[in-house]
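Since the structure comes first, as structure tokens, the remarks are kept for the end.
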Protein chains: 2
Amino acid sequence: MPRTIYEKSDVIPLLAEIFRELGYEGTSFGTITERTGISKGSLYHFFPGGKEEMAAEVLAEIDHWFVEKVYEPLARDDPPAALEQMWTSVDGYFRSGHRICLIGAFALDATRDRFAAAIRDYFEDWLRALTSCLTRAGASRPQARTLAEEVVLGIQGALVLARALDNDVVFARQLKRLRGSIDTVLQQEAHATKPPAHKPPN
Amino acid sequence: MPRTIYEKSDVIPLLAEIFRELGYEGTSFGTITERTGISKGSLYHFFPGGKEEMAAEVLAEIDHWFVEKVYEPLARDDPPAALEQMWTSVDGYFRSGHRICLIGAFALDATRDRFAAAIRDYFEDWLRALTSCLTRAGASRPQARTLAEEVVLGIQGALVLARALDNDVVFARQLKRLRGSIDTVLQQEAHATKPPAHKPPN
DNA sequence: GTCTATATGGAGATAGAC
DNA sequence: GTCTATCTCCATATAGAC
């Protein structure tokens, strides 16, 4: 009987889903072996540091995904295209509100202290990249920073509320509102040359 | 040697702080006995249902606090006064961003399923009360509901981001922004009779 | 109504066979 | 590189003395 051979890179997404669903403390080794079908022995072979190492690698992989799909485009590309890419990636990643942000969830309890640097970097990088993009799009530095904060925090809040109410429409509405906020600010900044546009934040 | 006699009502705030800091799964009986100084025997005397009953009573107490300090004023009082009261209560309750929302944190992992009704009610009651207040202040129903959602979710998001960055200024700024959003909408609604006021959302 | 002592299961982690 | 068997510790929970 052939045994299933895993690569570490195949295991991490499975771990991510488990941690996301159960939280760091709520995830036990037993659950991990059950859901992945991988024995304790194999898991320790991949992750000698045990649960903490697993979670650290999960966080690193999530961060990597966002860097590639969101932060780098924001810092590099044409602002309207980069923003469009951000909304698409974010909506896809969080499955339109069905999936929570593992890093945000880890931030809320004592798990934060275990992974403080990774958690902080994830959000700071997002804020930095988005601020840069908005600045290039014409917003003043302080306005860009404020708006970036509003967006990043608004996504986190929407995930919390959508899950609390078990209603993902909350998430969709919030993404729309945040898009609107960005449009409004950028149009205000461009007022000298162009007439105010038609779309209110609602 | 005199023994310290506790009342259940004295214990619950202690439990609340522990759950808030460590999360539901991260809180063990051992931690609870250490931090409260109450033995297991006494704890089970107060809470025969164990940890789950403790958390349920904590959630109920938090809800009760918000009903009294926030939701009832919003549903009953003069809108400007009720809103002012909400901002003061919220800023005080969350210690200007130092303290997270236990109910929001519980919403993010499998703990939600254990306390789904309590979690949902907490947020729905808040949304309902705030929508009512904003409607009475002159906003249209849909605008009031949208704005209420923005406020409630914006507070949750600010708590997540403030803790992730370990920077409570994020929370203060967001409260200010949300106040501004409300002012802006209410002034727009009152445009027919009154001149626009002086304070921009920044 | 408080406590200590204890039962029992599951936690994270390791050893070592295959 | 996979697995099972096992270790130790701490989890929740209970019993019963004071």
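Every chain is numbered from 1, with letters handed out A, B, ... down the list of sequences.
The side chain of A/Phe29 has C/dG12 as its nearest neighbour among C/dT2, C/dG12, D/dT12. The side chain of A/Tyr44 lies closest to C/dG12, out of D/dA13, C/dG12, C/dC3. Of the listed nucleotides (C/dT2, D/dA13, D/dT2), D/dT2 has the atom at the smallest distance from the side chain of A/His45. For B/Ile38, taking side-chain heavy atoms from C-beta onward, the closest of the listed nucleotides C/dT14, C/dC3, D/dA13 is C/dC3.
Side-chain to base pairing of B/Lys40 with C/dT4: no donor and acceptor N or O lie closer than 3.5 Å to each other.
Comparing A/Gly41 and B/Gly41 by the nucleotide of DNA chain C whose heavy atom lies nearest to each, the residue mapping closer to the 5' end is B/Gly41.
Not less than 6.0 angstrom separates the ring centroid of A/Tyr122 from the ring centroid of A/Phe115.
Within the nucleic acid shown, B/Gly50 comes within 4.0 Å of sugar-phosphate atoms alone, with no base atom in reach, counting heavy atoms only. Heavy atoms of A/Thr27 sit under 4.0 angstrom from primed sugar atoms or phosphate atoms, though from no base atom.
Around atom CZ of A/Arg76, more than 12 heavy atoms belonging to other residues, nucleotides or ligands sit under 6.0 Å away. Few gaps surround NZ on B/Lys51; more than 12 heavy atoms of other groups in view lie less than 6.0 Å from it.
Residue B/Ser42 places at least one side-chain N or O under 4.0 Å from the OP1 or OP2 atom of C/dC3. Of the side-chain N and O atoms in A/Ser28, none sit less than 4.0 angstrom from OP1 or OP2 of C/dG10.
Taking atom CG on B/Asp10 and atom C1' on C/dT2, their separation rounds to 16 Å, with Å as the unit. For the pair B/Ile18 CD1 and D/dA11 P, the computed distance is 13 Å after rounding to whole Å. When the C1' atom of C/dT2 is taken as reference, atom NZ of B/Lys8 falls 17 Å away, rounded to whole Å.
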